[in-house]
J.: 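Questions regarding the structure given below will be posed in turn.
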Number of protein chains: 2
Amino acid sequence: MNFQNRKQLIVQTVEERGSVDVRELADLLRTSEMTVRRDLVQLASMGLIYRTRGGAMRVSLATDKHTFANKTAVNAERKDYICRLAAQEIQEGDVIFMDCGSTVFRLCQFIRNKRITVVTNSLPVMAELMTSDVSINLVGGEVDKERQAIHGLIAEEHMARYRANRAFIGIDGISLANGLSANSEKEASTATTMARQSDKVYLLCDSSKLETNKYLHFAPLTMFDVLITDQEAPTDVVTAYRQAGVTLLNE
Amino acid sequence: MNFQNRKQLIVQTVEERGSVDVRELADLLRTSEMTVRRDLVQLASMGLIYRTRGGAMRVSLATDKHTFANKTAVNAERKDYICRLAAQEIQEGDVIFMDCGSTVFRLCQFIRNKRITVVTNSLPVMAELMTSDVSINLVGGEVDKERQAIHGLIAEEHMARYRANRAFIGIDGISLANGLSANSEKEASTATTMARQSDKVYLLCDSSKLETNKYLHFAPLTMFDVLITDQEAPTDVVTAYRQAGVTLLNE
DNA sequence: TTTGTTTTGAACAAAAATAAACAATTTTAA
DNA sequence: TTAAAATTGTTTATTTTTGTTCAAAACAAA
């Protein structure tokens with residue numbers, strides 16, 4: 001088996017599978033890992049594949065997907081439950097805001113095939129929806145590398161130019177006594193702006209965050225219209241919220 | 001068995017099997033490996049087969065159809081050469097515009113460790129610089145999924161709010177007679193805006209694009225300050241550009 | 001931050017393929 | 001038939017490719 005033959009197999013495998021690692025290829029080609037590496041270097045320089053650490057992937061996938069998609073899976077089930085409820089609220093033709101929380105990110109998978117416009121400041125959301133039917137409007141401004149989002153003055157101004165049917169906002173903490181709280185000023189101010197520009201505001205908040213307070217209190221409970229949470233929310237808390245006039249959705 | 005007979009069998013075998021090695025052919029033809037090699041050299045020079053180390057393969061398999069699929073990698077060496085020159089122009093503390101061309105994208109690798117601010121409408125550029133020392137300002141607006149970039153009215157307005165030291169713009173075509181041309185209106189209008197908002201405008205243009213004209217002519221040669229190209233630009237073309245008053249950099 | 005793990009690329013040894021040189025064979029043409 | 005020319009096979013030197021080992025780099029986790 002010479003380079004040309006291996007080249008064919010490698011490119012083909014990468015195309016089919018999206019990504020492969022060096023060991024797999026070494027097995028498949030019955031050759032050493034060093035040889036595979038040398039091949040990958042060459043193929044990457046030809047632009048036929050995208051070299052990654054430990055293997056290679058399809059060029060088309062390399063640019064966005066993997067760069068952002070590796071996001072937290074903490075409480076994934078609860079979050080998915082919440083997002084399924086949230087997705088049901090969305091109508092064809094809607095313009096919606098999505099902020100940069102990890103809960104809101106999971107909403108992407110449920111709206112892939114909807115004909116809607118998403119305005120977002122979240123890079124993972126943008127990357128995820130690149131390959132969907134959704135049309136995306138990305139908020140411009142300073143890129144916050146740590147949060148993988150756009151924040152700041154210009155971002156606020158950008159959002160202020162749009163009016164949306166709905167806003168979906170992830171929140172770090174909420175309590176009846178103190179209202180909404182966040183871990184950073186940036187997220188708080190993005191949330192406020194999105195809320196102001198939307199007809200209906202949905203708070204996505206898994207039950208572990210109910211009745212918790214974070215560093216910055218930034219808005220009263222009146223800022224939003226619907227609080228969506230999961231079934232594991234304690235009954236007494238749910239009752240208390242409803243009695244306080246909150247529209248709470250968890251089934 | 002003479003050459004004519006062997007030739008037939010070899011070509012036929014290669015066509016059927018896709019690829020063969022010297023030993024197989026030597027067995028098949030009941031001749032020595034040396035003779036097979038001599039035959040292969042001849043057949044390859046006639047273009048009937050593609051010679052590989054250890055054997056031969058069908059020409060159609062070796063002449064790669066994917067090679068031109070990935071735009072980023074076409075003329076990669078030239079583009080890197082250009083970008084190395086471009087990077088030398090950048091000073092610490094600069095604010096620079098980078099547009100969404102494939103040439104400009106390759107500038108990323110040369111500026112990773114500079115303390116500068118990049119304003120861009122290109123999602124690949126943004127993704128690439130996420131893990132660098134560069135601070136990024138992303139242009140906001142409608143996401144063009146095909147081009148992986150942000151274009152449109154809002155994007156223009158966003159860019160108009162910034163003033164940069166330099167703009168690096170990839171161009172699809174340039175000619176002394178007709179000036180700058182592009183393959184799409186969107187790219188043309190982004191380029192124009194970036195140029196207007198910068199003190200110094202650099203055009204990155206590999207030599208294969210010199211003296212070519214694309215679909216849309218959108219600006220005269222006066223729009224930019226420096227044209228950066230590679231060493232393979234024909235001497236007479238370089239001379240002509242310089243005589244026309246263009247500042248051309250290619251070494 | 002430091003630690004531990006994985007991946008990588010350089011250096012060198014081993015193997016494979018090739019080309020060169022020359023001898024042996026076949027073909028060609030007088 | 002015979003000598004020159006062309007082709008083929010064998011041996012040997014050279015080049016290219018591959019595999020192994022190991023230190024350094026990159027990454028992830030604590």
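Letters A, B, ... are given to chains in the order of the sequence lines, protein chains preceding strands, and every chain is numbered from 1. Both backbone and side-chain heavy atoms feed into the values below; hydrogens, waters and symmetry mates do not. The structure displayed is predicted, hence computed values, not measured ones.
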J.: Got a donor-acceptor contact below 3.5 angstrom from the B/R37 side chain to the B/V22 backbone?
T.: no

J.: Compare all side-chain heavy atoms of A/I111 with those of A/D133 and state whether any distance is below 4.5 angstrom.
T.: no

J.: Is the shortest side-chain N/O distance from A/T35 to OP1 or OP2 of D/dT17 below 4.0 Å?
T.: no

J.: Side-chain N or O of A/S32 less than 4.0 angstrom from OP1 or OP2 on D/dT20?
T.: no

J.: Without decimals, in angstroms, what is the distance between B/E33 CD and D/dG9 P?
T.: 11 Å

J.: Can you tell me the distance, in whole Å, between the CD atom of A/Q4 and the P atom of D/dT16?
T.: 15 Å

J.: Measure CZ/A/R30 against P/D/dT18 and give the value in whole Å, please.
T.: 16 Å

J.: Do A/D144 and A/K186 sit within salt-bridge range, that is, some charged N less than 4.0 Å from a carboxylate O?
T.: yes

J.: Nearest-nucleotide wise, let me know which of A/R53 and A/M1 is further upstream toward the 5' end of DNA chain D.
T.: A/M1

J.: Starting from C1' on D/dA23, measure out to CE on A/M34 and report it in whole angstrom.
T.: 14 Å

J.: Could you go through the side-chain hydrogen bond (donor to acceptor under 3.5 Å, both in side chains) check for B/S32 and B/T35 one step at a time?
T.: CA-CA 5 Å; B/S32 72; B/T35 300; 3.1 Å; yes

J.: Distance check needed: C/dA16 C1' versus A/N5 CG, whole Å only.
T.: 15 Å

J.: By nearest heavy atom, map A/R23 and B/G54 onto DNA chain C; which one lands nearer the 5' end?
T.: A/R23

J.: Rounded to the Å, how far apart are B/R37 CZ and C/dA20 P?
T.: 12 Å

J.: Can you tell me the distance, in whole Å, between the CZ atom of B/R6 and the C1' atom of C/dT26?
T.: 12 Å

J.: Measure the distance from CZ on A/R51 to P on D/dA26 and round it to the nearest whole Å.
T.: 14 Å

